[in-house]
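Remarks on the structure that follows.
Just so you know, ligand 1 is whichever comes first in the structure, and atom 1 is the first atom listed for that ligand.
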Amino acid sequence: MSFESLGLAPALLRALSEQGYATPTPIQAEAIPLILAGHDLLGGAQTGTGKTAAFSLPLLNRLSKTTPAKGPRKPRVLVLVPTRELAVQVHENLRGYARHLQVASCMIFGGVGMGPQVDALRRGVDVLVATPGRLIDHMERGSVRLDAIEVLVMDEADRMLDMGFLPAIKRILVKLPRERQTLLFSATFEAQIKALALEFMRDPRQVQVAAQNTIAETIAHRAHPVDVDSKRDLLIDILAKRHTDQVIVFGRTKHGCNRLAEQLDKAGIKAVAIHGNKSQAQRQKALNAFKAAKARVLVATDVAARGLDIPNLPLVINFDLPMVAEDYVHRIGRTGRNGASGEALSLVSHDEGGLLRQIQRVLKKDVEMIEVEGFEPSRPIRLDVAIPNPRSKRGGGGNNAPGARRAPGHRPHGKPAPRHAHAGPKQRGGPSRRSGASRSGGAGA
Ligand code: AMP
């Protein structure tokens with residue numbers, strides 16, 4: 001299978017070969033012909049599968065067939081995305097593929113001034129990449145008209161719903177022409193997504209690549225039990241011993257991530273943070289610094305990291321365990337790709353035992369618990385402690401979305417909420433053991 005055989009315009013084929021794309025990925029091979037034929041499409045695919053090109057190429061192909069009208073143009077393609085980072089990434093990809101086409105595109109997202117976006121819309125665009133909240137702001141101000149939309153793409157639809165964007169999406173959908181093509185990409189297809197598809201799509205074809213929540217077999221899952229107050233020192237200890245690796249460290253709160261990056265910097269480990277409170281420019285700068293290896297550690301919240309085009313890394317560290325096990329799967333997707341070996345290391349304090357239990361259930365195996373000498377927890381980690389309210393899974397973790405709530409009883413780092421450990425099944429993580437992971441030995445390596 002080649003891109004040529006998919007029937008894409010020569011200008012697109014040229015851009016693809018310039019970017020070194022030799023063959024379509026499975027989602028591209030399956031989805032592109034269906035989209036070119038005009039079908040609505042439900043695409044089950046996660047980041048890293050090539051899903052962006054799977055929808056971008058056929059819609060650019062459509063735009064390439066018409067000569068752009070003179071004067072300001074109304075958008076013909078709308079791509080809805082959950083976060084600014086994903087907007088930037090999708091937009092970058094689109095521009096790359098469209099480099100030999102006359103296609104005007106524009107990004108619309110919150111956290112930056114409206115003015116430049118209004119100006120860009122006024123100049124005229126063909127493709128609009130937008131987060132739902134800010135797009136509604138523009139619709140209310142009358143700075144955007146959506147009555148010429150021919151193709152709607154909803155990218156990472158599950159995450160948009162997770163973030164509470166369903167009402168906004170519905171408000172947008174009713175403003176679009178009924179005669180249109182709708183493409184929906186999602187890692188999971190829960191009831192709400194199916195309902196959305198049923199209501200707003202026409203006889204959609206389905207394409208699914210890789211089973212949901214696939215976890216690479218090549219990833220080793222390990223955990224270090226530790227008191228919450230010692231997590232930072234343990235992290236520094238691990239990073240000092242593994243001084244060659246670039247690492248992504250996941251934290252739960254924006255504030256916690258910021259502070260941790262600062263503390264690592266002070267300890268001589270160059271770190272940058274990305275989360276929802278940072279301006280777009282700051283986030284992009286941080287990500288670029290990490291990609292260019294100017295920073296060794298990227299400290300991120302789940303939402304800020306989602307969808308980011310981060311290269312395969314040897315090690316992912318969970319400074320805090322995620323509030324939902326599904327996010328663990330997303331986090332560790334940054335390592336162990338394409339058959340490479342990878343390691344997911346979690347620092348687990350006693351209040352996080354329940355979260356670890358949940359993760360083990362999803363992994364269908366126990367996470368190896370390894371005590372690090374000098375960082376042994378003052379009390380054993382019990383897996384039968386209560387799990388914090390899962391509805392608050394974003395718990396201040398890096399977005400400004402309406403659905404984001406803080407967990408009741410959730411505290412910033414260092415101040416764990418009191419919990420009652422009740423009697424329950426025996427710990428499943430296996431007995432804690434000492435191993436080579438001592439202060440002098442290589443931590444958990
Ligand atoms: P995505 O899943 O859309 O985020 O894409 C993941 C990465 O794969 C991006 O860096 C793309 O540039 C790259 N990519 C997408 N399609 C191809 C392809 N057919 N050949 C090589 N790289 C690709």
**Report entry** Ligand-side contact atoms (ligand 1) for residue partner Phe3, heavy atom cut-off under 4.0 Å
**Finding:** 19 (N)
Query raised in the report: Counting only heavy atoms, which portion of Phe185 has something under 4.0 Å from ligand 1: side chain, backbone, both, or neither?
Result: neither
Query raised in the report: Would you say the side chain of Leu60 lies within less than 4.5 Å of the side chain of Pro58, judging by non-hydrogen atoms?
Result: no
Query raised in the report: Short N/O distance, under 3.5 Å, between Asn93 and ligand 1?
Result: no
Report task. Run down the list Tyr21, Phe55, Tyr97 and name the one with the heavy atom closest to atom 23 (C) of ligand 1. Result -> Tyr21
Query - Structural part of Gln19 in contact with ligand 1, heavy atom criterion under 4.0 angstrom - result: neither
Query - Close-contact set for ligand 1 against Thr52 heavy atoms, below 4.0 Å - result: 1 (P), 3 (O), 4 (O)
**Report entry** Side-chain ion pair, Glu30 and Arg205, N-O less than 4.0 Å
**Finding:** no
Query - Under-4.0 Å salt bridge between Arg123 and Asp119 - result: no
Query raised in the report: Is the shortest N/O to N/O distance between Gly50 and ligand 1 below 3.5 Å?
Result: yes
Requested in this report: Take every heavy atom of Thr23, measure it against each atom of ligand 1, and state whether any distance is under 4.0 Å.
Outcome: yes
Report task. Show your working on salt bridge (charged side-chain N to carboxylate O under 4.0 Å, His left out) between Arg14 and Glu18 and close with a plain yes or no. Result -> CA-CA 6 Å; Arg14 203 169 127 209; Glu18 283 164 1; 3.6 Å; yes
Query raised in the report: Would the number of heavy atoms belonging to other residues, nucleotides or ligands and lying under 6.0 Å from CZ of Arg99 be above 12?
Result: yes
Query - Other residues, nucleotides, ligands: >12 heavy atoms within 6.0 Å of Arg296 CZ - result: yes
